[in-house]
Amino acid sequence: MTLPATTLDDPRALAELRARTGGPKDTGPKILEHVLGWTLVVVVAMLVTQLGLL
């Protein structure tokens with residue numbers, strides 16, 4: 001199976017041809033990621049402070 005040259009020159013077409021690797025997808029609950037990320041930051045800061053590492 002060959003592709004036309006115009007398809008190979010278009011980066012968007014090439015992106016669609018690539019195989020998915022199972023990584024994170026662009027869709028999903030972004031607010032949940034932000035809340036969990038900031039919660040992790042706060043917990044690590046509290047741990048560092050309690051252990052006297054700062």
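The chain is numbered in sequence order, starting from 1.
- Residues V43 and V35 do not share a hydrophobic cluster, clusters being chains of Ile/Leu/Val/Met/Phe/Trp/Tyr side chains in contact below 4.5 Å.
- Residues forming a side-chain contact (heavy atoms from CB on, under 4.5 Å) with L32 (at least two apart in sequence, or on another chain): P29, L36.
- Residues passing the side-chain contact (heavy atoms from CB on, under 4.5 Å) test with L51, sequence neighbours excluded: L47, L53.
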